[in-house]
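The shown structure was predicted, so the numbers you read here are calculated from the model rather than taken from an experiment. Only heavy atoms go into these numbers, but all of them, side chains included; no hydrogens, no water, no symmetry mates.
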Amino acid sequence: MMQTEGLAVSEMSRPGAGALPDPPGPSGASGHVGTTSDAAAVIGESGTVLGWTSGAQELLGYPPDTVVGRSAARLLAEGEDPDPARTARIADRCRSGSGWHGTADLRHRDGRLVEVDLRVCAAFALDGQRCFLVSGRERTPGWTVGGSVLDGFLTRSPIGMAVVDPQLRFVWVNDTLERFGGVSREQRLGRRLRDLLPGLRAEPIEAVMRSVLETGTPVLDHEYQGWSWADPYRPHAYSTSFFPLIDANDAITGVCYMVMDVTERWNAQHRLRLINEAGTRIGSTLDVSRTAQELADFAVPRFADFVVVDLLESVLDAEEPPPWPPGTKPAMRRAGLGSVREGCPEAVVRRGERVDFVPPPHDARYLVEGDAVLIPVLNPDDDVWAVEQPARVATIRKFGLHSLISVPMRARDTVLGLATFVRSRNPTSFEPDDLRLAQDLVGRAALCVDNARRFSREHTTALALQRTLLPHVLASGTVLETASLYLPSDAANGVGGDWFDAIPLSGARVGLVVGDVVGHGLTAAATMGRLRTAVHTLADMDLPPDELLAHLDDLVISLLDENPRDEATTTALTGATCLYAVFDPVTQRCVMARAGHPPPVVVPPGGDVYFPDLPAGPPLGLGGLPFETAELELPEGSLIGLYTDGLLRSDGRDAESGMSRLGRALARPGVALDELCESTVRRLLPGSHTDDAALLLVRTHTLSPDRIASWDVPSDPAAVADIRARASRQLSAWGLDELVMTTELIVSELVTNAIRYASGPIRLRLLRQAGLVCEVSDTSNTSPRMRHARTTDEGGRGLFLVAQLTHRWGTRYTGDGKIIWAEQHLPVTAAA
């Protein structure tokens, strides 16, 4: 008789209950539960073995096919019955309806003796002949027969046993099986399983029995979930093994089966499955409120019928919870809500509203120090509800809320909130095992909420830092219009290091810059701020674009050398990109260079969109390679756009495709610059995106000739007075009489110095734009130095006076010399 793998048939629990998930179907057993704690065999009145369990095989070493159908006498130590009279007395006693217990020496298959505590149950009829169920286990020192382990086999054994005839009617049942089903032996005998326990769905079990009757093949560890009259409000799980009873003629005369209640193990597996599943369902995003709602969605209806998740307001705001004085109530809001009833009618407080309910002691100390609360039976007449929470009494009665668990949400010594689970439609009350499951679920959710809170806090801090470091007002005026937009990446990736700027330069020129730092988070934002500050400093030196990038590259390399072990900073700096351009509204020329950054997009008035063929240059921090410039002519009304690659590579698109889409989005004449900037970004990035993006749009204008005045200056000190007079007349023509005196002093000092110390042609130029700029150019490369003259010195105060009288001043070098310039603010009454 060969043993096969056990079969498992999914069964449902009692009608109407919230049943546990079905175990695997007939393809295989969901687990193995041994039923060999007690060896058992069915022996016919003639002494022939009719049934043999795996426990008996384990005890004596005989497989079923070597025992069934043969005499049981060969199992005795002497090979035959040593005391026929004793055997007859035992048989008579069992025939009379009583049992027998005692000890016997049995022979193991390997020849050794095994002392066994035996019990022979009362005889029962099977297919017309009397049978005896013999059970036993190896005797252990300290065990006694009679009222001990074997005596408990019928009353206290964890194994229920029964024998059914070929028509599947009960012919014998032990006490344990009576307790399992809540049906007495008298009610069972002569009736079938399906007539006794309708909620058990007995048909699949009887199908297994019929299979054993037809094939003679035992079925081990058949697991199912069932219902019992003894405990009608709670599902149970059972593991059953079936084996055929065979007479001396090898005919199958019935089925003996053994049942173990494995509810505790089944529930433990169910809890483990729930916890594992919760790991995939809770915390799918780094959003605090969404994570709280995911806990509620997951627990209903798997665990509870109504769930609320309340979080501290500080947690929802991604802040650290404040300390609470004793006796104070925490400020909480409802963040998660779930119910088996549509619309969550049980909820007194809706999502987003303030919550005032906290279990005893009703203050913040419970959230900080309290344990989970289990209320197996909710009594609305208790003072906790009738006196302290009267508004909820009507809800408890109306919806039949009868069992509650509340668990404080804490993670990493941080108080987060409170999760409450309630049952109503499911009549089974919460038990201590359910409390442990609730704590596991809330603990997992609390970690996810804390992770989301910490990320939100860092994301908010990084975003605030990013926005603080980005320019609040871009340089603009009569020579250009500007519009910009920075779009952070979605919350899962965090703030990056994209940046842009428009920097006013001397001579009414403007420096345009855009850059991208590698990575996300605080380090990327801080690194971006360092690079933007460096570019501002270098731009104030009036360096050409290629020289500025070379100095910026040297700075990045020195920062990398400062702390090579700072992995975050190293990652952010290495491979950072930048594009720097200088637009001159007088010449309408734009000179630019780039360090690994995408080229700008240009939309000329009435022309086609194009991307200039600008030498790429290496990213910052690599060193050793030069940067090259390119020069463009930008007629009046030209549009130039500087951007980061996050704007191009949305939805996995390549850069070339992104550039084409960008060009089409910007080729819309007549659209206001701010509207064009925002609509372009939204068009290219319509949904969530993994990288931040920046776009700087500039529409250029020419500085009209009526705002420019220039004169050649002879290299003769006598010419200073004439040049000073011409400048005064020009200021009067511009309506800037308030600046005549200071301008005469500036022109006198700058022109005199050029005549005295420089060489070659000297030229004075006045520019009226956002301010009044006075420029003196010469062919010398010598830069003037401001001195602080002593009280006894007769000279040396010229440039000091210029610095005091002007908003700013400086020197910039050209291809054939230098320009000394000074800028004054225009009077408030003067038109820009």
To the closest 0.5 Å, what do you measure between CG (Leu826) and NE2 (His807)?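 Going from CG on Leu826 over to NE2 on His807, the span is 11.0 Å.
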So does Asp317 pair up with Arg453, basic N to acidic O under 4.0 Å?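 Looking at Arg453 together with Asp317, the answer is no, because their closest N to O distance does not fall below 4.0 Å.
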Is there a side-chain contact between Thr702 and Pro585 (heavy atoms, below 4.5 Å)?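 SC-SC contact between Thr702 and Pro585 ruled out.
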Non-hydrogen side-chain atoms of Ile746 and Gln824 separated by less than 4.5 Å: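 The answer is yes; the side chains approach within 4.5 Å.
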Between the side chains of Asp287 and Thr285, is a donor N or O closer than 3.5 angstrom to an acceptor N or O?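 No donor-acceptor contact under 3.5 Å links the two side chains.
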Side-chain heavy-atom pair Leu662, Thr680 within 4.5 angstrom cut-off: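 Counting from C-beta outward, Leu662 and Thr680 do come under 4.5 Å.
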Set out, in order, the CA-CA distance, both residues' side-chain angles and the distance that settles side chain to side chain contact (heavy atoms under 4.5 Å, CB included) for Leu639 and Leu676, then state yes or no. CA-CA 11 Å; Leu639 178 68; Leu676 182 63; 3.8 Å; yes
Do Arg530 side-chain atoms and Thr527 backbone N/O form a donor-acceptor pair below 3.5 Å?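 Judged by distance alone, no pair lies under 3.5 Å.
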Which atom names give the shortest non-hydrogen contact between Ser638 and Pro604, and what distance separates them?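 Smallest heavy-atom distance, with atoms named: OG-CA, 4.1 Å.
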Looking only at atom types and distance, does a side-chain atom of Trp734 sit under 3.5 Å from a main-chain N or O of Asp706, one as donor and one as acceptor?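 Such a contact is found between Trp734 side chain and Asp706 backbone.
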Side-chain (Asp501) to main-chain (Ile503) donor-acceptor, under 3.5 angstrom: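 Not confirmed, Asp501 side chain does not pair with Ile503 backbone.
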So which heavy atom on Phe500 is nearest to which on Ala694, and how close?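 The pair with the smallest heavy-atom distance is CD2-CB, 3.8 Å.
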Nearest 0.5 Å please: distance from the OG atom of Ser715 over to the CD1 atom of Ile755.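 Interatomic distance, Ser715 OG to Ile755 CD1, rounded to 0.5 Å: 6.5 Å.
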Could you tell me if Tyr486 and Asp692 have a donor-acceptor pair between their side chains, going purely by distance under 3.5 Å?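 Yes, side-chain donor-acceptor contact under 3.5 Å.
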Check: residues 590-598 side-chain donor-acceptor pairs under 3.5 Å, at least two apart:
| unit_1 | atom_1 | unit_2 | atom_2 | d |
| --- | --- | --- | --- | --- |
| Arg594 | NE | Leu614 | O | 3.1 |
| Arg594 | NE | Pro615 | O | 3.3 |
| Arg594 | NH1 | His597 | O | 2.5 |
| Arg594 | NH2 | Leu614 | O | 2.8 |
| His597 | ND1 | Thr577 | OG1 | 2.8 |
| His597 | NE2 | Tyr643 | O | 2.6 |

Given side chains that start at C-beta, do those of Arg724 and Val720 come closer than 4.5 Å, heavy atoms only?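 In contact.
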With Thr811, which of Ile819, Ile820, Asp542 fulfils side chain to side chain contact (heavy atoms under 4.5 Å, CB included)?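 So, applying the side chain to side chain contact (heavy atoms under 4.5 Å, CB included) to Thr811 and each of Ile819, Ile820, Asp542, only Ile820 qualifies.
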If you compare all heavy atoms of Gly621 against all heavy atoms of Val556, which two are closest, and at what distance to 0.1 Å?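 Distance-wise, the nearest heavy atoms are CA-CG1, 3.6 Å.
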What pair of heavy atoms forms the shortest contact from Leu684 to Ala665, and how long is it?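 Smallest interatomic distance, heavy atoms only, reads CD1-CB, 4.0 Å.
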Which distance, rounded to the nearest 0.5 Å, do you find between the OG1 of Thr742 and the CG of Leu736?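 Reported value, rounded in 0.5 Å steps: 10.0 Å.
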May I ask you to check whether Thr644 and Asp516 show a side-chain donor-acceptor distance below 3.5 Å?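 Judged by distance alone, the side chains do not pair up.
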Does the side chain of Val751 come within less than 4.5 Å of Val776's, by heavy atoms?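 A side-chain contact exists here, since the closest heavy-atom pair is under 4.5 Å.
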Could you give the distance from CG (Leu766) to OG1 (Thr743), rounded to the nearest 0.5 Å?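 It is 7.5 Å, given to the nearest 0.5 Å.
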Can a side-chain donor-acceptor contact be found between Ser679 and Arg668 if the only test is distance below 3.5 angstrom?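 The answer is yes; a qualifying pair exists.
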Could you tell me whether the side chains of Glu823 and Thr806 share a donor-acceptor contact shorter than 3.5 Å?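 No, Thr806 and Glu823 have no side-chain donor paired with an acceptor closer than 3.5 Å.
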With rounding to the nearest 0.5 Å, note down the distance linking CG in Leu666 to CZ in Arg683.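 Reported to 0.5 Å precision, the distance equals 9.0 Å.
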Should Thr779 and Pro761 count as side-chain neighbours, where that means a heavy-atom distance under 4.5 Å?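 Touching, per the 4.5 Å side-chain cut-off.
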Derivation of the side chain to side chain contact (heavy atoms under 4.5 Å, CB included) call for Leu487 and Arg682: CA-CA 9 Å; Leu487 192 64; Arg682 301 301 178 188; 3.4 Å; yes
Hey, what do you get for CZ (Phe583) to CG (Leu512), rounding to the nearest 0.5 Å?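 That separation rounds to 9.0 Å.
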Find out whether Leu767 and Arg765 are in side-chain contact, i.e. whether some heavy atom of one side chain is under 4.5 Å from a heavy atom of the other.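 Of all side-chain heavy-atom pairs linking Arg765 with Leu767, at least one is under 4.5 Å.
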With a 4.5 Å limit on heavy-atom distance, are the side chains of Gln769 and Leu703 in contact?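 Yes, their side chains come closer than 4.5 Å.
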Do you know which two heavy atoms are closest between Val602 and Pro612, and how far apart they sit?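 In terms of heavy atoms, the two residues are closest at CG2-CG, 3.8 Å.
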Assess whether side chain to side chain contact (heavy atoms under 4.5 Å, CB included) is satisfied between Ser484 and Leu697, documenting all intermediate values. CA-CA 6 Å; Ser484 63; Leu697 295 183; over 6 Å; no
Please determine, by modelled atom types, if Asn753 and Glu749 share a side-chain donor-acceptor pair under 3.5 angstrom.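 The criterion, which ignores hydrogens and geometry beyond distance, is satisfied for Glu749 and Asn753.
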Using a strict 4.0 Å threshold on nitrogen-to-oxygen distance, state whether Asp712 and Arg763 make a salt bridge.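 Looking at Asp712 and Arg763, the cut-off is met.
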According to side-chain hydrogen bond (donor to acceptor under 3.5 Å, both in side chains), does anything in residues 607-624 pair up with another residue at least two apart or in another chain? List the pairs.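 Every candidate side-chain hydrogen bond (donor to acceptor under 3.5 Å, both in side chains) pair involving residues 607-624 fails, so no pair, neighbours aside, qualifies.
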Answer yes or no: does atom CD of Glu656 have more than 12 heavy-atom neighbours from other residues, nucleotides or ligands under 6.0 Å?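 Atom CD in Glu656 is not packed in, count stays at 12 or less.
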For a quick test of reading the model, state the closest non-hydrogen atom pair linking Leu622 to Asp553 and the distance between them.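 Here Leu622 and Asp553 meet closest at N-OD1, 3.7 Å.
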Leu579 vs Leu549, side chain to side chain contact (heavy atoms under 4.5 Å, CB included): CA-CA, chis, key distance, verdict: CA-CA 8 Å; Leu579 185 150; Leu549 291 181; over 6 Å; no
Donor + acceptor pair across side chains of Thr700, Glu636 (<3.5 Å):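 No pair is found: no donor N or O on one side chain lies under 3.5 Å from an acceptor on the other.
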Please determine if Asp450 and Arg412 form a salt bridge, counting it only when a charged side-chain N lies under 4.0 Å from a carboxylate O.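 Here Asp450 pairs with Arg412 in a salt bridge, since their nearest N and O are under 4.0 Å apart.
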Counting N and O atoms only, with roles assigned by atom type, does the side chain of Ser558 sit under 3.5 Å from a partner on the main chain of Leu555, one being a donor and the other an acceptor?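 Indeed, once roles are kept as given, a pair shorter than 3.5 Å links the two residues.
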